[in-house]
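Written out below as structure tokens is the structure these notes cover.
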Amino acid sequence: MSAAPSGTPRDDDRLLDDAVAAFYAAQVEHAHLIQHLAVAHDLNPVDLRALKFLGALDEDRTPKELGSYLEMGTGAVTALLDRLTRRGFLDRVRNPSDRRSVRIELSADGFAIVGALRSAYREALQRSLPGESMETFIDFSGKIAVAFADIATEDPQ
């Protein structure tokens with residue numbers, strides 16, 4: 001039996017399966033990196049994910065937004081915020097437009113942790129991505145982020 005010609009559905013399926021396997025392998029190594037950085041900074045991976053989320057935008061977040069991102073309830077988010085505040089990684093600040101609500105902002109130490117993670121990402125990209133492919137990677141990353149968000153909000157099948 002001969003191999004299917006390039007561009008056939010069978011060949012496209014195999015290529016898609018190879019892409020999924022490669023993406024999965026990258027995710028596994030990313031999880032190892034997160035674990036390594038968390039341990040290096042005496043954090044657990046959920047703490048690091050929280051700091052990463054809080055440092056992703058140049059604006060303060062609410063505990064509710066953090067809980068939604070981490071898929072954690074109010075009590076667990078409160079315990080997480082208490083732990084990170086005691087460690088000096090973030091501050092709770094009253095919302096000036098709504099005195100009943102609280103905003104979360106990273107402290108200098110929190111930004112340092114996020115900076116270490118960003119440095120690791122920059123190094124990984126420099127090692128693995130040719131400069132001429134950077135725009136393609138940025139475009140791909142944006143599109144896959146939207147696809148992941150869309151799929152996450154669909155009803156499970």
Side-chain angles (χ1 to χ4, degrees), residues 16 19-157:
L16 187 56
V20 168
F23 188 75
Y24 180 73
Q27 287 180 303
V28 167
E29 294 309 321
H30 178 257
H32 288 155
L33 173 64
I34 293 295
Q35 181 67 31
H36 171 76
L37 289 172
V39 168
H41 294 284
D42 196 27
L43 296 167
N44 69 51
V46 173
D47 293 352
L48 185 58
R49 285 183 59 216
L51 293 174
K52 183 171 104 169
F53 174 75
L54 295 170
L57 296 177
D58 193 23
E59 60 187 50
D60 299 342
R61 301 289 192 123
T62 65
K64 184 177 180 178
E65 290 169 325
L66 179 62
S68 178
Y69 171 73
L70 295 173
E71 296 185 353
M72 295 172 71
T74 306
V77 170
T78 299
L80 169 75
L81 294 175
D82 287 346
R83 186 170 59 248
L84 293 174
T85 300
R86 274 193 311 273
R87 299 276 314 272
F89 295 128
L90 58 86
D91 296 304
R92 292 179 174 120
V93 199
R94 289 275 169 221
N95 185 343
S97 58
D98 181 359
R99 293 179 47 207
R100 295 168 295 159
S101 71
V102 173
R103 306 289 299 174
I104 308 163
E105 62 182 31
L106 289 176
S107 67
D109 288 344
F111 275 113
I113 301 284
V114 172
L117 180 59
R118 286 185 180 157
S119 291
Y121 287 163
R122 286 177 60 92
E123 184 176 341
L125 288 172
Q126 286 176 326
R127 288 184 185 189
S128 62
L129 190 64
E132 64 272 8
S133 300
M134 198 65 69
E135 291 293 332
T136 301
F137 178 79
I138 292 166
D139 183 55
F140 162 77
S141 296
K143 287 178 180 175
I144 200 163
V146 169
F148 283 151
D150 289 348
I151 292 167
T153 59
E154 293 173 0
D155 286 329
Q157 298 179 28

Which atom of Asp42 lies closest to which atom of Arg87, heavy atoms considered | O-NH1, 2.7 Å
When Asp91, Ile113, Leu51 are each screened for side-chain contact (heavy atoms from CB on, under 4.5 Å) with Leu106, the one that passes is Leu51
For Leu80 and Ala50 the tightest heavy-atom approach is CD2-CB, 3.8 Å
Minimum-distance pair of heavy atoms, taken over all atoms of Met134 and Leu129 = SD-CD2, 3.4 Å
Nearest heavy-atom approach of Asp47 to Asn44 is N-OD1, 2.8 Å
Can you tell me how far the CZ atom of Phe140 sits from the OG1 atom of Thr136, to the nearest 0.5 Å?
-> 11.0 Å
Any side-chain heavy atom of Pro63 within less than 4.5 Å of one from Val77?
-> yes
Interatomic spacing from CZ in Phe53 to CG in Leu48 - rounded to 0.5 Å | 14.0 Å
Counting only N and O atoms by type, is there a donor-acceptor contact under 3.5 Å from the side chain of Thr85 to the main-chain atoms of Leu81?
-> yes
Please report the C-alpha distance between Leu66 and Arg61 in whole Å, then the side-chain angles of each, then the deciding distance to 0.1 Å, and finally whether the side chain to side chain contact (heavy atoms under 4.5 Å, CB included) criterion is met.
-> CA-CA 7 Å; Leu66 179 62; Arg61 301 289 192 123; 5.7 Å; no
For side chain to side chain contact (heavy atoms under 4.5 Å, CB included), just list the numbers for Leu84 and Leu43, CA-CA rounded to whole Å, side-chain angles, deciding distance to a tenth of an Å, and then say yes or no.
-> CA-CA 9 Å; Leu84 293 174; Leu43 296 167; 4.2 Å; yes
Give a yes or no answer on whether the side chain of Glu123 reaches the backbone of Ala120 with a donor-acceptor pair at less than 3.5 Å.
-> no
Taking Ser141 for its side chain and Ile138 for its backbone only, find out whether a donor-acceptor pair lies under 3.5 Å.
-> no
Do Thr78 side-chain atoms and Thr74 backbone N/O form a donor-acceptor pair below 3.5 Å?
-> yes
Could you check Arg86 against Asp82 for salt bridge (Lys or Arg N to Asp or Glu O under 4.0 Å), going step by step and ending with a plain yes or no?
-> CA-CA 6 Å; Arg86 274 193 311 273; Asp82 287 346; 5.0 Å; no
Please round to the nearest 0.5 Å and tell me the distance separating atom CD1 of Ile104 and atom CZ of Phe89.
-> 15.0 Å
Look at the side chain of Thr62 and the backbone N and O of Glu65, then say whether any donor-acceptor pair between them is shorter than 3.5 Å.
-> yes
Approximate separation, where rounding is to 0.5 Å, of Ser101 OG and Lys64 NZ = 11.5 Å
Cut-off 3.5 Å, no hydrogens considered: what does the side-chain donor-acceptor table look like for residues 23-40, sequence neighbours left out?
| unit_1 | atom_1 | unit_2 | atom_2 | d |
| --- | --- | --- | --- | --- |
| Glu29 | OE1 | His32 | ND1 | 3.3 |
| His30 | NE2 | Tyr121 | OH | 2.6 |

When rounded to the nearest 0.5 angstrom, what is the spacing between CG in Asp150 and CD in Glu154?
-> 6.5 Å
